[in-house]
Amino acid sequence: MAESSYYSNMCSNVTYDALEEAVLNFYFLYQTAIWSSVLLIFFVVIFFLPLLPIGIMFTFSLYAKAYRYYYKGCTFTPDCWKPVRNFISRLWIFHAHFWFGHEIEGFENIPSEGPALVVLYHGMMPVDWFSLLTKSIVYKKRLICSVGDRFLFHLPVFDDIIDCFQIYPGSIESCTDILKQGNLLAIFPGGLREALFGDETYPLIWGTRIGFAKVAMEAKVPIIPVFTENIREAFFTVGFCQKWLRNWYEKTRLVLLPICGGFPTKLKTFVGEPIPYDPSITPEQLAHRVM
């Protein structure tokens, strides 16, 4: 009887120890799963949300490409893009309103007719520019031609969307011609350098660029300054990445900076009053006034 009781107690202790170990293992796995999910969600939100507008633009590009392919047997003129522009514009306006609550103050400063040069601050992702562009198409019935960075024209998927919204590489001569034809033209003087290496203090990284001022003076058109509040909070880069990759970009012009953000941040675009053409000032003075 004593021996039987001894083995019974031993079995009870073993069973209890095994149960305790199983509970601890389960708790450890549970905590690991919780923290792994938190980290996964963090990385998805930080590094994959910025891909949302890129994915939307990619979808728009495929739609434009399919539209052009459908009419490939016909004479395709720039006016043929109007239905595509209107459809894409309405979709983007809905997205910008739903995701960013985007609104524009001073929209009446975009002229309903006549040429003007629109000068914008370049955020990490120019979703504010595309919102202004699409609202101008829908509500003003005017397309704002744009000057894009050269790397855009090496992306084969986006060639039709570039044609659809009339984005050009841009030189002083070509930009002047566009304005003299009575069009609106948008320029980002800071370019990719301002987009990639700006920060939450919103510095203007224009350097000595005064080409836009020369264009406005040669075409004798007003300049409309545009700035969007919170565009740097909506999309941003990690600070140490900026410092580390700045020299790399200056030497190679390759864009390797990771984009973070994409959160549903409130965006408000301010369209300033036109700065009229003044033949009595120099391009340097005009550029300083626009800044």
Side-chain angles (χ1 to χ4, degrees), residues 52-72 76-97 99-100 102 104 107 110-171 174-189 191-192 195 212 215 221 224 226 228 231 235 267 269 271:
L52 177 61
I54 297 176
I56 293 174
M57 292 304 299
F58 181 78
T59 304
F60 290 164
S61 300
L62 292 180
Y63 172 68
K65 191 173 288 293
Y67 182 86
R68 175 172 242 168
Y69 180 81
Y70 181 78
Y71 287 101
K72 67 177 182 178
F76 202 89
T77 65
D79 289 338
C80 294
W81 285 119
K82 285 185 178 179
V84 179
R85 279 200 297 266
N86 288 326
F87 179 69
I88 290 177
S89 295
R90 293 182 184 278
L91 289 180
W92 181 264
I93 289 172
F94 172 79
H95 167 72
H97 178 74
W99 194 256
F100 298 109
H102 183 261
I104 300 176
F107 189 55
I110 300 293
S112 299
E113 58 182 16
L117 182 64
V118 181
V119 176
L120 305 99
Y121 172 83
H122 202 319
M124 173 60 68
M125 294 279 284
V127 294
D128 54 331
W129 158 76
F130 200 63
S131 296
L132 178 63
L133 168 63
T134 52
K135 287 186 178 181
S136 176
I137 291 171
V138 172
Y139 300 117
K140 294 273 187 178
K141 308 301 180 186
R142 295 207 69 186
L143 171 66
I144 305 176
C145 304
S146 309
V147 174
D149 196 273
R150 286 180 173 81
F151 88 95
L152 286 174
F153 303 92
H154 297 288
L155 302 176
V157 178
F158 291 91
D159 54 351
D160 289 303
I161 202 75
I162 286 173
D163 289 342
C164 179
F165 288 95
Q166 296 187 26
I167 303 173
Y168 303 95
S171 64
S174 63
C175 291
T176 303
D177 289 340
I178 292 171
L179 290 169
K180 285 184 176 180
Q181 293 170 16
N183 298 306
L184 296 173
L185 179 66
I187 291 181
F188 299 88
L192 268 183
F212 69 93
V215 167
V221 299
I224 302 173
V226 175
T228 298
I231 190 63
F235 297 93
L267 297 180
T269 296
V271 181

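What you see is a predicted model, and the numbers here were worked out from it, not measured in a lab.
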His97 side chain near Lys135 side chain, heavy-atom distance below 4.5 Å: no
Checking Ser136 side chain against Leu132 main chain: does a donor-acceptor pair fall under 3.5 Å? no
Listed partners of Ser131 passing side-chain contact (heavy atoms from CB on, under 4.5 Å), at least two apart: Trp92, Ala96, His102
Filter on salt bridge (charged side-chain N to carboxylate O under 4.0 Å, His left out), then keep only pairs touching residues 155-165, sequence neighbours left out; what's left? Lys65-Asp159, Lys65-Asp160, Arg68-Asp160, Arg68-Asp163
Arg150 side chain to Pro169 main-chain N or O, any donor-acceptor pair under 3.5 Å? no
Might you work through the side chain to side chain contact (heavy atoms under 4.5 Å, CB included) test for His95 and Val127, ending with a clear yes or no? CA-CA 10 Å; His95 167 72; Val127 294; over 6 Å; no
Would you sort out whether Tyr139 and Ser89 count as a side chain to side chain contact (heavy atoms under 4.5 Å, CB included), showing the intermediate values? CA-CA 10 Å; Tyr139 300 117; Ser89 295; over 6 Å; no
Test ring-ring contact (aromatic ring centres under 6.0 Å, His included) applied to His122 - qualifying residues, sequence neighbours left out: Phe188
Heavy-atom donor-acceptor pair, Tyr67 side chain to Cys80 backbone, under 3.5 Å: yes
Least distance between heavy atoms, Ile110 atom then Lys140 atom: O-NZ, 2.9 Å
Between Met125 and Pro53 the two heavy atoms that sit nearest each other are CE-CG, 3.5 Å
Donor-acceptor check, side chain of Arg142 to backbone of Pro111, threshold 3.5 angstrom: yes or no? yes
